[in-house]
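Sharing a structure below in C-alpha cells format, with a few things to ask.
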There are 2 protein chains.
Amino acid sequence: MNEVLRRQTNPANPPAHDRVYRGLRLQVMHGELTPGQALTLRGIGKQYGVSMTPAREALRRLTAEGALTLSASGRVTTPELNNDRIEELAQIRSLLEPELASRALRRAHLALIDRMESINDANARAIHLQDPVEYIRTNLEFHRTLYLRAQSPAMLGLLETVWLQLGPTMRALYTRLRRTTAPPHHRLILEALRAGDDAALRLALRTDVTQGLRHLQV
Amino acid sequence: MNEVLRRQTNPANPPAHDRVYRGLRLQVMHGELTPGQALTLRGIGKQYGVSMTPAREALRRLTAEGALTLSASGRVTTPELNNDRIEELAQIRSLLEPELASRALRRAHLALIDRMESINDANARAIHLQDPVEYIRTNLEFHRTLYLRAQSPAMLGLLETVWLQLGPTMRALYTRLRRTTAPPHHRLILEALRAGDDAALRLALRTDVTQGLRHLQV
DNA sequence: TCCCCGAATTTGTGATCACGCTGACGTATG
DNA sequence: CATACGTCAGCGTGATCACAAATTCGGGGA
C-alpha cells in the first residue's frame with residue numbers, strides 16, 4: 001500500500017557529526033566551557049564515541065559560526081574576547097534584539113507571555129541556586145521564546161551566532177560577579193509586551209542587553 | 001646563524017580545505033553559481049585536485065555560514081530563496097549597513113573616498129560590458145571598502161554571511177533585468193561621505209540596499 | 001501514452017592510517 | 001639559579017576505503 005518507508009534518514013537517527021555539533025554548541029552557548037579552553041579532535045571523538053572525522057566536521061562548523069577560535073596552527077579553542085570585541089557584540093545584540101522583539105510584538109499573544117513568565121521564574125530560581133549554566137540557559141530561552149514569534153529565521157540565526165561567541169565569556173562574568181537578584185529588565189519586557197507598547201519594548205530590550213554586558217568589561 | 005626556517009606552516013601554504021573554502025566562497029558570493037545548483041564532494045575534490053576530506057570540510061563550513069543549503073539527505077546545493085527570505089535578508093542589510101557606514105564616517109578620509117570612487121567606476125564599466133560577476137564583485141567591494149573603516153569585524157562578518165546567502169540570487173536578478181545604468185545611490189553615498197552628513201549617509205545606504213533588492217521579488 | 005517499480009550508479013558518512021608540524025617538558029649549559 | 005636548546009608525545013591534515021542510502025534511468029505493465 002505504498003508504505004512510506006523512512007529507514008534511517010528522517011526519524012531520529014542524526015549523523016554522528018551532527019550529534020557532536022549540537023552537543024558542543026550547547027556546551028559553548030551555555031557557558032559550560034571556560035574562555036580559552038582547548039579542544040582536540042581525538043579528545044572530542046573519545047568523548048562522543050566517534051572517530052576524528054565527525055569531530056573535525058563539528059569543530060569546523062562551530063568555528064565557522066564564531067563559536068570557536070582557530071589558531072594559526074589549527075588548534076581549536078573557545079574564544080577569549082577582549083573589551084572591544086565584547087562591546088561590539090553587545091552593540092550587535094542591541095541592534096538585532098529590539099528589532100526582533102518589535103517584530104514579535106504583533107504576534108505575541110497571552111500564552112506566549114505566560115510562557116516567558118514561567119521561564120523567567122526558572123531564571124530567578126537558577127540565580128537563587130547559584131547555577132550559572134542554568135541561569136544562562138533560561139535567560140537565552142527567555143529571549144529566544146520571544147524572538148521565535150518574529151518569524152525572522154535569518155535574523156534569529158545571526159543573533160544566535162552572536163550568543164555563541166559570548167557564551168564562554170558570559171559564564172566567566174557570572175562567576176565573577178555572582179549576581180543574587182534577577183535581571184530587572186525582564187519585568188519591563190513583559191510589561192511592554194502586555195501593553196503592546198513598541199517603543200517601551202525596544203527600550204527594555206536595549207537596556208537589558210547593554211546592562212547585562214556592561215559588567216563584563218575587564 | 002639561527003636561520004628562521006618556516007617550512008610549510010606560515011608563508012603561503014594554506015591547507016587544502018582552506019583553499020577549497022576560499023575558492024567556493026568567492027564563486028558563491030559573486031554569483032558564479034546559479035540558485036539550486038548541486039555540489040558533490042567528489043566533484044569538488046576533482047575540481048581542486050584534492051580528496052573528499054578537504055572538500056567536505058569546505059562544504060561544511062560554507063553551509064554553516066548559510067552560503068550553501070544542506071538537504072535532508074546530506075546533498076549540498078546553493079540556496080533557492082523565496083520572497084520572504086529575500087525580503088528578510090534585505091531588511092538585515094538595511095539594518096547593518098547604515099550602522100557600519102555611520103561608524104566608518106568618522107574615519108573616512110579623502111583617500112578612502114577616492115578609492116571608493118574608482119571602484120564605482122569599475123562597477124559602471126562592468127555594467128556597460130554586461131558582466132554580471134564583475135558587477136557584483138565591484139558592488140560588494142564598494143561597500144566593503146567603506147565598512148572596513150568601521151573597525152567592527154564582527155558586524156562586518158555577519159554582513160558578509162548575508163551577502164553570501166544572497167549571492168546566487170543576485171546573479172539571477174542581474175541576468176533577468178539586465179540593468180544598463182549604474183546604481184544611482186552610490187553617488188549619494190559618496191556625497192554624504194564627503195559632506196560628513198551622517199543622516200544622509202544612513203539614508204543613502206538604506207535606499208541603495210532596499211532599492212537594489214526590491215527588483216528581486218518574483 | 002503514462003505510470004510504476006527495480007537495478008545500477010552515484011552520493012554522503014565515518015573509520016583508519018601515515019605524515020609532518022607544534023608545543024611543552026626536561027636537560028644541559030652559561 | 002636562570003636560560004636556551006633538543007627531544008618527543010600529541011596534534012591536525014589529508015588520502016583511502018567500505019558501506020548504506022539515495023537518486024536516476026530504464027523497461028514493463030496498465
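Only this structure's heavy atoms are used, side chains among them; waters, hydrogens and symmetry mates stay out. In what follows, chains are A, B, ... by sequence order, proteins preceding strands, each numbered from 1.
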Verify side-chain contact (heavy atoms from CB on, under 4.5 Å) between A:F142 and A:L146, making sure each step is shown before the conclusion.
CA-CA 7 Å; A:F142 179 84; A:L146 176 58; over 6 Å; no

In short, B:T145 meets B:M116 closest at the heavy-atom pair CG2-CG, 4.0 Å

If I take atom CZ in residue B:R75 and atom C1' in nucleotide C:dT13, what distance separates them, rounded to the nearest angstrom?
12 Å

Applying the side-chain hydrogen bond (donor to acceptor under 3.5 Å, both in side chains) test to A:Y147, which of A:E160, A:E97, A:E99, A:R103 qualifies?
A:E97

Calculate the interatomic distance between A:E57 atom CD and C:dA15 atom P; express it in whole Å.
10 Å

Can you list, by residue number, the residues of residues 41-53 of chain A that have a non-hydrogen atom closer than 4.0 angstrom to DNA chain D?
A:L41, A:R42, A:M52

Side-chain-base donor-acceptor pair under 3.5 Å for B:R56 and C:dG14:
yes

Using whole Å, what does the distance between atom P of nucleotide D:dT13 and atom CZ of B:R60 come to?
16 Å

For atom CG of B:L39 and atom P of C:dG12, their distance in whole Å:
9 Å

Please indicate whether B:R106 has more than 12 foreign heavy atoms, meaning atoms of other residues, nucleotides or ligands, lying under 6.0 Å from its CZ.
no

Show your working on salt bridge (charged side-chain N to carboxylate O under 4.0 Å, His left out) between A:R137 and A:E134 and close with a plain yes or no.
CA-CA 5 Å; A:R137 196 187 67 75; A:E134 180 67 6; 2.9 Å; yes

Closer than 3.5 angstrom, by distance alone: can the side chain of A:R206 be matched with the main-chain N or O of A:S94 as a donor-acceptor pair?
yes

Quick one: B:L59 CG to C:dG14 P, roughly how many Å, whole number?
15 Å

From the candidates C:dG14, D:dA22, C:dT22, the one with an atom nearest any side-chain atom of B:S73 is D:dA22

Whole-Å gap separating P (D:dG12) and CG (B:N13)
19 Å

